[in-house]
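All figures in this text were calculated on a predicted structure; none of them were measured in a lab.
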Amino acid sequence: MKRFLLSALIALAWSSVSHAQDAGVPLTLTSIDSGLPEPSVALGSDVVDVTIRKDDGPLGNGALITTINTLDSEILSIQTANDTAALLKRMPGVYNQEFNQGVTSTNVALRGYNTEDNNGFVKVLLDGIPTNMHRGQADLKPVFAQEIDHVDVVQGTVDPRYGLYNVAGNINVHTLQGVNARKLRLLGGSFGTVEPQLLYGQRHGAFNHTYFLGYRSSNGFRTNSRLDRLAGSGKWFYEPNRRLKVGLIVRGMKFDAESPGFLDRPDAIARPHIAPDYALPDAGKATFGRVSGHLDYELSPSLFLSARVYLQRFYHERNVSFDPMEQQTHRTDRELHHGAIATLTYRARGKNAHDFALEWGVDYTQQRNEQRRFNSVNRVAQGMATRSFDFDFGAAGSYLQASVRPVRPVKLVAAVRGDYLFGTLENRLNDRKFGMADYGVLWQPKLSASYAFHEGQLLYASYGRNFQVGTYNGAYRTANGQSVEASLNDGWEAGLRSNIRQRFSGRLAFWEQRASREIRNKPDMSGDLENIGKTRRYGFDVEASVKPLEWLSLWGAFSPVVAKQTEPGAGNEAREGKWLNHVPWFNAKGGIDFRRFEGVLISLWCYGQGDYYLTKENDGRRVGSYYTVNLDAHYQVTPALDLGLSVQNLTNNEYYPAAWFKNYGSAGEQYSPAPPVSAFLFATLSP
């Protein structure tokens, strides 16, 4: 505990930078439902007390009483990364693992869950449409920073809107639409990086359309790490009046990348830029396509309908080897998802309505997936498949949520959600078929309350349950009828949010999550899953933003975590009390903004995380701690021209954002080194 408290004090002194928006609109804020103004935490921007009144439409984040943060487009637009997921480092509580291995690039995590295993712990949505692949991996490469309007992150177990993958929380990326805009951004910099982005949007009365095209090419700082990413979208919406909005979004992405492989510790230290000889033929590609239909309709002043339907296709291909004695494998995953999401929201009107609201939501998804594995030579598959699964995976869920203010300072929210999974798997190697594991209906109750005891001061508490199930063959009954059991995850959070006179905002929250029979990868590299027994995660979050002068802003966020196996089950008694692998014991970020001169922003920010064990048995030492300092500078030359500079890893720190332990072949710790100091220049034209 002393270690936690000392680190908290240090973290609050850290600083990070972000871009303050014109006209006093905050860059980050927490959406609050109608009713009493509730304090929000605005990190890296002007400190403001924001209340978004949502008098129509779905309840959204405004009905939730938990840790919620929003990252604005202005912050995202001054950053650059090969993978959009890496841009979320500024978000409080979010940490990631940057593998930098071609199509396996960056995964994000929350609340003490790791980014390592083939099962999903964070639900990710793009314009309200689920974007997780079957195993839970969320690919944000189909969207570029210049297209993003804002990103919401909801942490914990209290959100009833989502079931599958919503274990630690959810991330929703909202893109620009319905804007009158013409924007061209040209970026170039280290490692031969080139990135043009083009956005065009126009409104014609009731009709609006928005188009985006982005491309990124980089040679990478390591041997065999070139990448090319192309993504685009088109959005067409019709709003004949304030009661009706219908639209269509089409999105696509193509990504090709080489993979430099992992290095043992001596090479990672002495020659971080190389790729091992056996990894030189490694590479992969990914494609993504989606079409979605959107409907929002006000049935009456008190009743609102929102509906989404979608069809999307994922294709991932990877040629990879992990050891000089191992043959390269050719891996393909083809996934076709279709689904629908709908909510019906009722808001009581009138003087004595007590802000009562009731929402019923339903969602459905059906996946038709293929997974193939072959031995390969120089990226060419050889012979018969070594693994060949065809499987249908479906999920249907529904929730009911109610919120009310019995007295003005108090807000109460209650919800219940149920999910049912179905599907079959065929092992084409032996023509065996297996049904879905008998999960039954997975019920998830949610309760929360808040008390505004003084202007700008809010106490709150919440409880919720989420679930985790197996993926691939781990989701189905095996030949003897056994299966990986579902894990129920119960969590609570209690905290204080504060906002004082537009100069200070902050949050202090304590939380815990307990899993009944957590599901993780087996350590034998088979790709199979296992229940590792009961686990417990707990920690606290500190966020603070201070604006001592009109032109100076400072902010910081610190989130320590304890994540351990409490009852690992028969045969694994030695794991009791051990730390869960690949969970940094803290993540922290902070910075300082200077806006002393008109049109000029100088931004210095830092990200850091603690160390972790590489195995569930806690063999060996803890690794993975690092920090990185970054500089962003922005100058608005004219209303139509912006110039910018982004310097990453300013102190040229040597660190390893991804590591794992290989227990076969040339066994030992394996590392993916981070790039050295790098610089990128960009110009944005907005005629």
What's the verdict on side-chain hydrogen bond (donor to acceptor under 3.5 Å, both in side chains) for N69 and E543, showing C-alpha distance, side-chain angles and the deciding distance?
CA-CA 10 Å; N69 291 97; E543 305 171 26; 3.2 Å; yes

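- With rounding to the nearest 0.5 angstrom, the OG atom of S217 is 10.5 Å from the CD atom of E195.
- Using a distance-only test at 3.5 Å, with no hydrogens or angles considered, a donor-acceptor pair links the side chain of T66 to the main chain of Q155.
- With hydrogens and angles disregarded, a donor-acceptor distance shorter than 3.5 Å links the side chain of E359 to the backbone of L59.
- For the residue pair H294 and S292, a side-chain donor N or O sits within less than 3.5 Å of a side-chain acceptor on the partner.
- The distance from the CG atom of N649 to the OG1 atom of T628 is 4.0 Å, given to the nearest 0.5 Å.
- Note on R417 versus D419: salt bridge recorded, some NZ/NE/NH1/NH2 to OD/OE distance being below 4.0 Å.
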If you apply the rule salt bridge (Lys or Arg N to Asp or Glu O under 4.0 Å), what do you find for R372 with D390, and how did you get there?
CA-CA 9 Å; R372 304 285 188 265; D390 287 355; 2.8 Å; yes

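- At a threshold of 4.0 Å, the pair R595-D593 does not count as salt-bridged, since none of the basic side-chain nitrogens sits closer than that to a carboxylate oxygen.
- Using a 4.0 Å cut-off between a side-chain N of Lys or Arg and a carboxylate O of Asp or Glu, R290 and D127 do not qualify as a salt bridge.
- Ring geometry, Y211 versus W236: the interplanar angle exceeds 60°, so the pair is classed perpendicular (tilted spans 30 to 60°).
- Taking the ring axis of F682 as reference, the NZ or CZ atom of R185 stays within 45° of it and closer than 6.0 Å to the ring centre.
- Here the shortest heavy-atom pairing between G163 and Q444 reads CA-OE1, 4.4 Å.
- For the pair K235 and E147, the salt-bridge criterion is met [side-chain N within less than 4.0 Å of a carboxylate O].
- For the pair R229 (side chain) and N82 (backbone), a donor-acceptor distance under 3.5 Å is present.
- Checking each of D152, D159, N132 against N170 for a side-chain hydrogen bond (donor to acceptor under 3.5 Å, both in side chains) leaves exactly one that passes, namely D159.
- The aromatic rings of Y472 and F391 sit perpendicular to each other, their planes meeting at more than 60°, with 30° as the lower class boundary.
- A pairwise comparison of heavy atoms in V143 and T175 identifies CG2-CG2, 3.9 Å as the closest pair.
- Applying the 6.0 Å contact sphere to OH of Y364 captures more than 12 heavy atoms from other residues, nucleotides or ligands.
- A donor-acceptor pair shorter than 3.5 Å can be found between the side chains of S306 and R308.
- Between the side chain of Q197 and the backbone N or O of Q146, at least one donor-acceptor pair lies under 3.5 Å.
- Side-chain atoms of T157 come within 3.5 Å of backbone atoms of G464 as a donor-acceptor pair (strictly under, hydrogens ignored).
- Inter-residue side-chain proximity for S225 and E258 is flagged as unmet; no heavy-atom pair is nearer than 4.5 Å.
- Residue Y165 comes nearest to M133 through the heavy atom pair OH-O, 3.3 Å, listed as atom of the first residue, atom of the second, then distance.
- By the 4.5 Å heavy-atom criterion applied to side chains, V124 and L140 are counted as neighbours.
- Remark: L244 pairs with P240, N241, V246, L295, Y297 by the side chain to side chain contact (heavy atoms under 4.5 Å, CB included) rule, at least two apart or across chains.
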Report the C-alpha distance between L344 and L299 in whole Å, list the side-chain angles of each, state the deciding distance to 0.1 Å, and finish with yes or no for side-chain contact (heavy atoms from CB on, under 4.5 Å).
CA-CA 10 Å; L344 189 63; L299 300 169; 3.8 Å; yes

Apply side-chain contact (heavy atoms from CB on, under 4.5 Å) to residues L303 and T345 and explain how you reach the verdict.
CA-CA 6 Å; L303 199 60; T345 307; over 6 Å; no

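- Once rounded to the nearest 0.5 Å, the distance linking OG of S259 with CZ of R226 reads 15.5 Å.
- Aromatic ring centroids of F314 and H134 lie 6.0 Å or more apart.
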Does the side-chain contact (heavy atoms from CB on, under 4.5 Å) test come out yes or no for S398 and W360, once each step is laid out?
CA-CA 7 Å; S398 182; W360 174 43; 2.9 Å; yes

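- By the 6.0 Å and 45° rule, K589 does not stack over the aromatic ring of Y607.
- Looking at Q101, its side chain does come within 3.5 Å of a backbone N or O of G261 through a donor-acceptor pair.
- Checking side-chain atoms of D149 against main-chain N and O of Q177 turns up no donor-acceptor pair under 3.5 Å.
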Would you please test D363 and Y399 for side-chain hydrogen bond (donor to acceptor under 3.5 Å, both in side chains) and show each step?
CA-CA 9 Å; D363 56 85; Y399 70 90; over 6 Å; no

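- A salt bridge links E239 with R203: the closest approach of a Lys/Arg side-chain nitrogen to an acidic carboxylate oxygen falls below 4.0 angstrom.
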With side-chain contact (heavy atoms from CB on, under 4.5 Å) as the criterion, how do K254 and F288 come out once you've worked through the C-alpha distance, each side chain's angles and the decisive distance to 0.1 Å?
CA-CA 7 Å; K254 181 179 180 182; F288 171 81; over 6 Å; no

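- Between D333 and E370, every side-chain heavy-atom pair lies at or beyond the 4.5 Å cut-off.
- Contact of the L64 side chain with the R161 side chain is registered, since non-hydrogen atoms from C-beta on lie closer than 4.5 Å.
- For the pair S672 and F99, the tightest heavy-atom approach, listed with the atom from each and the gap, is OG-O, 2.8 Å.
- Aromatic ring centres of H337 and Y310: separated by at least 6.0 Å.
- Here the closest heavy-atom approach between residue N107 and residue T115 is recorded as ND2-O, 3.2 Å.
- Take E298 and apply the side chain to side chain contact (heavy atoms under 4.5 Å, CB included) test, not counting sequence neighbours, and it matches D56, R242, R243, F304.
- T80 is listed as a side-chain neighbour of L187, based on a closest heavy-atom distance under 4.5 Å.
- Taking the side chain as every heavy atom from C-beta outward, N466 and K123 never approach each other to under 4.5 Å.
- With sequence neighbours excluded, the residues satisfying side-chain hydrogen bond (donor to acceptor under 3.5 Å, both in side chains) with D83 are S105.
- Contact annotation: the side chain of V647 approaches that of V677 to within less than 4.5 Å [non-hydrogen atoms, C-beta and beyond].
- In this structure, the side chain of N166 engages the main chain of Y162 through a donor-acceptor pair within 3.5 Å.
- Among all heavy-atom pairs drawn from P657 and N100, the shortest one is CG-ND2, 4.3 Å.
- In this structure, the side chain of N224 engages the main chain of D282 through a donor-acceptor pair within 3.5 Å.
- Side chains of S218 and T193: a donor-acceptor N/O pair is present below 3.5 angstrom, by distance only.
- N208 places no side-chain N or O within 3.5 Å of a backbone atom of N180 that could act as its donor or acceptor partner.
- Side-chain contact check for L71 versus L76: some heavy-atom pair is nearer than 4.5 Å.
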